[in-house]
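To start, the structure under review is shown below, and the notes come after it.
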Amino acid sequence: MTELRAEARIALAIAHKDAIAELRGRHAMVSTLFFAAVVLLLFGFALGPDAARLAAAAPGLLWLAIVFAGILAVNRLHLLETDDDAFEQLALYPVARRAIYAGKALGGFAVMLLLGAVVLGAVGILFAVDIGSAWGPLLATVVLGAIGIAAVGTFYAGLTVRLRAREVMLPLLMLPVLAPLLLGAVKATAAALAGDPFGELGAWLQLLVAFDVIMVVAGAATYGYLLED
Amino acid sequence: MKTRILGFVALVTVVVVTVIGLFVVPPDANQGDAQRVMYPHVASAWLAYLSFGVTALCGIAWLWKRDLRFDAVALAGAEIGVIFTAFAIWGGMMWGRPIWGVFWQWEDPRLTTTALLLALYVGYLLFRRLTDDPERRATRAAVLGIVAAIDIPIVHFSVEWWRGLHQTATIAAPDRVLDPAAPMAFVGTLLGFVGAFTLTWLYLMIRRYQLARAEADREEAARVERIVSARTVEAAR
Amino acid sequence: MTDAGFVIAAYAVILGGLGLYTLLLWRRLRAAPGNDDEAR
Amino acid sequence: MPQITIYVSPRSVGAPDTRPPAVATTDLARLFAGSPAVAGVSLRVEAGRTVALLGPNGAGKTTLLRVLATALRPSYGSASVDGLDVGRDTHLVRERVAYLSHATGLYDDLTARENLAFAAAMLSTPDPSARIDRALGDVELEARADDRVRDFSAGMRKRLALGRILLGRASLVLLDEPYAALDAEGMVLVDQLLAAWHAAGVTVMLASHTTDRLDALLDGRVTLARGLVAEVSGAGVTSMPPALPQRPRPVVATR
């Protein structure tokens, strides 16, 4: 039991370090949020100006913006490590590999949560969608979605951190794996916004939970191999 | 030599089942001749899933035993898997067009899952080409193959739900639904195709494995040769 | 295009593809495992 | 000059001959894209010794250090630290080794103290705040403790990386060009560190080109050339010629 507590402490130390560096220097957070806002704006131009159509498409647009911005955010968190070969130094510390994964994923989760909340707000405004009424299920969906994207993103960012053509390979490898999450999140969001007419919301949230659990376990179990050289 | 025989047997069985599939077995009562596309389509889809299962298992075996021969099998599985995935998608489209009138049927979980499969494993193959060190490539490709294989059932399950959580499984389709009481001939032909294609798959896997091993051995020999020459030069000093 | 047309197209691509791949594989195997970018 | 205190792991105490060799490699080779950076090194370094790795650029010094530090896995042959194989017992080796590479692996947006605080968390350093202050004092960076590393010169970054090593309890310290980018005072600091590690029974291997100032500090020297050991001198370090000829073996990894 103490070993798990030690690993948790290490994961928190890594996430804390990422948070300080992120807030203080990188401004990745701000740029990612603006990127998501711009993507939403473009969706408006692409599908607008018919308000009804936009409102109908809102759940899909919301999650597309989150996923695309999420790729940038997770990538930024790992760039933080490669400035001065810090990633290699991190791997040389005598700490459990899954603790490193947990630390990086935790940082990713925090960024994704903030991103999700902001994009949700923007969608509410831009596409005139009443998010107030169903804020509970929507929050749950955003939290579960954030966990999934952070879990998968941290794995693939670690896999491609020293890879050639990394900018293309990260989305190319990551997006197909996120398909079930995108699908579940959009359906859950749509159900929540419509007041869950068919009672499907519970099922979609369960799908998201299953995806998150599987991907976190898979990521933690294999992240160590990505640090090998 | 045994492989050559396997190859010949595979060729003969494929020709035989093709003739049966195209000409001998009667067309489906509802779908008519279009139903004949099902045979190679289903056989290809089965081999796509089998191939990626092999790749994932070999990935685990490499991480455990660190023997590069598993990596060669994993590579063969991924490459041949991508090819059968492409065939399965093509078959799905050639079947969908006459039946639904559209090439791409979003509601069909098999089609959408297979498409994601293609994306996953084209990514796998591209990733392998971008990594040079044989052992580092083997380790990372193994992990990639395992995560991709874990993702496939989730994708299939979620697309299954996506189609309609509470509607009945049958797709609300025009009258041309496959005749449920398919006579034995269809099932027989389908099994024949699966058998013939699996033999072909086995033959191709062995050949691709041999090729991967030949290339790995050549690479290995070059590496060792450079080491030996460095040592002889030094020793002569 | 008639149904038969699609069936032919399906079989042609799948069987043709298998044949082509086998041929390619065979040629690569027969060529002495020289410098092949696959192994680079 | 501050009196530098070295926190020693219990492993590095005890008479050198009772402990397994700090470093032992057998026909060690490591290739990059097919060409051998290290082609066949069989080296043994007794515990507690200070040994220099000499030789021109590209001789394999850095690669050898990185394999011993578990940053690189061996392609062929094997390497062990304190009798522990770098491939099989990687976690245990990492507890025993401290490695200073060319890249100092620091976070530009964190201050010197925050960087050391993070390292202390990773190394589970007991009584971290006191140890961090002491380390900053030892490497003479107390004045800049709360400045961001982004504004540090290469020499100051190297001092901070050395300070990070002082937070650990390594029994083997690997230094890649420790004197590079350091001013006169910095070089004296490295001399002091080497003396302190030597006194504490910690084994040190350093790759360096500035050999003139090292005579008093070194026990032995190893000269590498083209990925092989060209010459060995001094005490506590021995080498064996690589096995010859080597039959290309089937593709089975060595581990």
Side-chain angles (χ1 to χ4, degrees), chain A residues 2-30 76-104 106-107 161-164 224-229, chain D residues 9 30 32 63 65-75 86-87 89-111 113-125 128 148-150 152 154 157 160-161 164-165 167-170 174 255:
Chain A
T2 53
E3 183 206 311
L4 274 182
R5 226 192 343 222
E7 286 178 18
R9 196 173 42 76
I10 285 165
L12 283 173
I14 293 174
H16 176 64
K17 174 262 298 180
D18 280 355
I20 298 176
E22 190 60 44
L23 295 177
R24 188 176 298 168
R26 289 289 162 189
H27 303 304
M29 257 319 302
V30 179
R76 296 255 8 115
L77 275 184
H78 276 73
L79 278 186
L80 181 71
E81 303 288 350
T82 49
D83 289 353
D84 186 19
D85 260 359
F87 202 51
E88 178 187 274
Q89 178 62 43
L90 194 56
L92 292 184
Y93 286 123
V95 291
R97 307 295 93 175
R98 57 180 181 206
I100 300 177
Y101 173 77
K104 295 304 288 182
L106 212 57
V161 74
R162 282 190 291 262
L163 191 69
R164 300 200 300 271
Y225 291 113
L226 304 181
L227 298 177
E228 267 179 34
D229 193 3
Chain D
S9 67
R30 167 69 204 216
F32 291 109
T63 305
L65 288 178
R66 284 164 64 80
V67 171
L68 292 172
T70 71
L72 288 175
R73 293 174 74 95
S75 300
V86 291
D89 317 314
T90 312
H91 187 78
L92 296 174
V93 171
R94 283 181 180 142
E95 285 175 345
R96 287 166 166 70
V97 172
Y99 170 56
L100 175 77
S101 76
H102 289 300
T104 48
L106 297 166
Y107 296 101
D108 292 357
D109 298 306
L110 270 61
T111 67
R113 189 182 300 280
E114 283 164 347
N115 266 289
L116 290 191
F118 177 67
M122 292 295 116
L123 294 165
S124 326
T125 311
R148 281 190 208 168
V149 168
R150 183 184 297 280
F152 277 26
R157 295 173 81 98
L160 190 56
R164 179 173 54 198
I165 291 180
L167 293 177
R169 296 184 314 162
L174 305 170
R255 275 167 296 287

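Predicted model only: the values in this text are computed from it and were never measured. Lettering of chains follows the sequences in order, A, B, ..., and the numbering in each one begins at 1. Heavy atoms only: backbone and side chains are in, while hydrogens, waters and symmetry mates are out.
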Quiz prompt | Contact origin within A91(A) toward chain D - heavy atom pairs under 4.5 Å | solution = backbone
Practice problem: State, with a plain yes or no, whether a side-chain heavy atom of I14(A) is found less than 4.5 Å away from one of M122(D). | Solution: yes
Self-check item: Working for side chain to side chain contact (heavy atoms under 4.5 Å, CB included), residues L92(A) and R94(D)
Solution: CA-CA 6 Å; L92(A) 292 184; R94(D) 283 181 180 142; 4.2 Å; yes
Practice problem: Go through the atoms of L90(A) and report whether side chain, backbone, both or neither lie under 4.5 Å from a heavy atom of chain D. | Solution: side chain
Quiz item: What residues, two or more places apart in sequence or in another chain, satisfy side chain to side chain donor-acceptor pair (under 3.5 Å) together with E114(D)?
Solution: R24(A), T111(D)
Exercise. Looking only at non-hydrogen atoms, find the nearest pair between R9(A) and S124(D) and report the distance.
Key: NH2-OG, 4.1 Å
Self-check item: Close side-chain approach of I20(A) and D109(D), heavy atoms under 4.5 Å
Solution: no
Exercise. Under 4.5 Å, counting heavy-atom pairs only, tell me which of A121(D), A71(D), G168(D) racks up the most with chain A.
Key: A71(D)
Quiz item: Can you find a pair of side-chain heavy atoms, one from Y107(D) and one from K17(A), that are under 4.5 Å apart?
Solution: yes
Self-check item: A119(D) versus chain A, the contacting section by heavy-atom distance below 4.5 Å
Solution: both
Practice problem: Evaluate the side-chain proximity of P94(A) to V97(D): yes if any heavy-atom separation is below 4.5 Å, no if none is. | Solution: no
Quiz item: Any side-chain donor paired with an acceptor under 3.5 Å for Y99(D) and Q89(A)?
Solution: no
Quiz item: Which one of V95(A), I100(A), L12(A) has the most heavy-atom pairs closer than 4.5 Å to chain D?
Solution: V95(A)
Practice problem: To the nearest 0.5 Å, tell me how far R164(D) CZ sits from Y93(A) OH. | Solution: 4.5 Å
